[in-house]
Amino acid sequence: MELLVALVGFLGLLPTALAYGAVSDATLRGLPGPGADFDIDTGALLAPILRPRVSGTEGSRAVLQHFVDFFRGELPEWRLELQNSSSTTPTSKGQPVPFVNLVATRDPPNAGVGDVGRLALVAHYDSKLEPAGFIGAIDSAAPCAMLLHAARTVDKALTKKWAAMAAEGTDDLEDKKGVQILLLDGEEAFKVWSDTDSLYGSRALAEEWENTFNPAASTYKTPLDSIDLFVLLDLLGSRGPTVPSFYKTTHWAYKHMAQIEHRLRDLGLFKSSPNHPLKIAKRKNKNKRKEPLFLNEAAKENGDFYGGYIADDHLPFLARGVEVLHIIPSPFPHVWHDITDDGKHLDMDTVEDWARLVTAFAAEWMDLEGFFDVQTKPTAEVTGKSEL
Ligand SMILES: *[C@@H]1O[C@H](CO)[C@@H](O)[C@H](O)[C@H]1NC(C)=O
Ligand SMILES: [Zn+2]
């Protein structure tokens with residue numbers, strides 16, 4: 001079966017055949033958390049993003065440089081591209097404002113650029129012009145940091161997997177899957193959200209990619225076609241989120257992510273859970289509490305899917321036929337577009353849980369079971385598992 005699917009994919013009859021593979025409990029336990037790198041004052045990944053970074057300003061350039069330095073320094077095998085555009089805005093007094101998207105891609109070695117289907121993990125890095133001094137910690141500094149953490153965590157396993165495939169000679173047969181981090185500029189409106197005052201970066205990128213052609217006889221016609229799934233994170237990092245399943249055609253992927261959440265909670269690896277061993281240890285009444293769920297619609301089958309209701313960076317891609325998994329809480333967190341959306345108002349347990357969940361999802365999507373350096377000794381975090 002496996003081989004048949006691979007061969008059919010190879011023949012180009014079924015180019016989007018996807019081998020999604022669950023990771024083991026040991027792998028889930030062994031996936032590193034972001035730890036001190038998510039400290040809001042000193043964390044190497046998160047702290048540099050927690051500053052105003054309105055498109056076209058010095059803060060924006062500094063945060064972009066932080067991303068570039070991260071990939072160049074820690075993930076040299078990722079191909080970096082900056083996609084540029086410019087537009088006037090309702091507050092720019094007729095002057096063009098530059099918008100710069102960062103695209104970081106890791107493809108299997110020896111694969112033609114047009115023959116790789118990619119998991120795109122996406123967040124916006126610009127912050128809102130008003131209120132003055134707005135940080136946008138959930139919107140979307142924390143999601144950007146989560147993606148850096150996920151990229152770093154799957155990187156080594158990808159290297160191992162592809163080396164093993166090359167050694168076995170299966171690298172020509174297996175479907176060619178890559179992973180891509182999109183850190184987008186200009187999501188926020190400068191004045192009032194409208195079709196023209198919002199999504200500056202994503203509109204420019206989707207349009208450019210629709211009109212960029214891969215080499216003739218490629219499996220995928222354009223970089224836009226190459227996106228197997230566009231996973232957009234937004235407004236993540238406040239306590240107690242509930243994220244609906246917005247699109248029927250990607251409900252299957254939502255269910256996979258929900259299944260991972262369920263397993264992480266069962267394994268005592270979800271720090272925001274009221275039943276996490278550390279939380280139980282701290283309270284008198286040790287009884288198990290009702291387990292909340294971030295992704296609480298996995299059981300929805302024929303219910304309503306409200307994909308059209310939240311405007312965000314996925315829209316220009318969705319309009320061009322890209323499959324979207326939108327990970328955004330509904331209702332929006334209380335700090336949304338308020339000056340209080342800063343580092344101090346992040347719920348760090350929740351931020352860390354999202355980072356772990358998204359990382360595990362990427363690991364399953366990329367079929368990386370067996371390629372992580374998994375610790376054999378249980379960590380302190382999971383020794384209380386029997387209490388769950
Ligand atoms: C986009 O602009 C940056 C400078 O901000 C430049 O380094 C980069 O090469 C440009 N990208 C393209 C594709 O022209
Ligand atoms: Zn916003």
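We count ligands from 1, going down the list as the structure has it; atoms in each ligand are counted the same way.
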(message) Run the salt bridge (charged side-chain N to carboxylate O under 4.0 Å, His left out) test on Asp107 and Arg118 for me, step by step, so that the C-alpha distance in whole Å, both residues' side-chain angles and the decisive distance to 0.1 Å come before the verdict.
(response) CA-CA 8 Å; Asp107 286 344; Arg118 304 191 183 97; 2.8 Å; yes
(request) Answer whether the closest heavy-atom distance between the side chains of Ser24 and Thr27 falls below 4.5 Å. (result) yes
(request) Answer yes when Arg356 and Glu352 have at least one side-chain N-carboxylate O distance shorter than 4.0 Å, and no when they do not. (result) yes
(message) Check for me whether Val100 has a heavy atom closer than 4.0 Å to any atom of ligand 1.
(response) no
(request) Using 2.8 Å as a strict upper limit, say whether an N, O or S atom of Asp234 approaches the Zn ion (ligand 2) that closely. (result) no
(request) Please check atom 9 (O) of ligand 1 for a protein heavy-atom neighbour under 4.0 Å. (result) no
(request) Just give me the atom name: the N, O or S atom of Glu188 closest to the Zn ion (ligand 2). (result) OE2
(request) Can you label the angle between the Phe99 ring and the Phe190 ring as parallel, tilted or perpendicular, going by 30° and 60°? (result) perpendicular
(request) Mark yes or no for whether Thr250, through its side chain, and Val324, through its backbone, hold a donor-acceptor pair below 3.5 Å. (result) yes
(request) Identify the protein heavy atom lying closest to atom 7 (O) of ligand 1, giving its residue, its atom name and the separation to 0.1 Å. (result) Leu82 CD1, 4.2 Å
(request) Confirm or rule out an N/O/S atom of His124, from backbone or side chain, lying less than 2.8 Å from the Zn ion (ligand 2). (result) no
(request) Would you mind naming the N, O or S atom of Asp139 nearest to the Zn ion (ligand 2)? (result) OD2
(request) Using a strict cut-off of 4.0 Å, indicate which atoms of ligand 1 neighbour a heavy atom of Asn84. (result) 1 (C), 2 (O), 3 (C), 8 (C), 10 (C), 11 (N), 12 (C), 14 (O)
(message) Is the ring pair Tyr306/Tyr309 parallel, tilted or perpendicular, if the boundaries are 30 and 60 degrees?
(response) perpendicular
(request) For atom 12 (C) of ligand 1, state whether the nearest protein heavy atom is under 4.0 Å away. (result) yes
(message) Tell me whether Asp228 is salt-bridged to Lys177, with the criterion being a basic N under 4.0 Å from an acidic carboxylate O.
(response) no
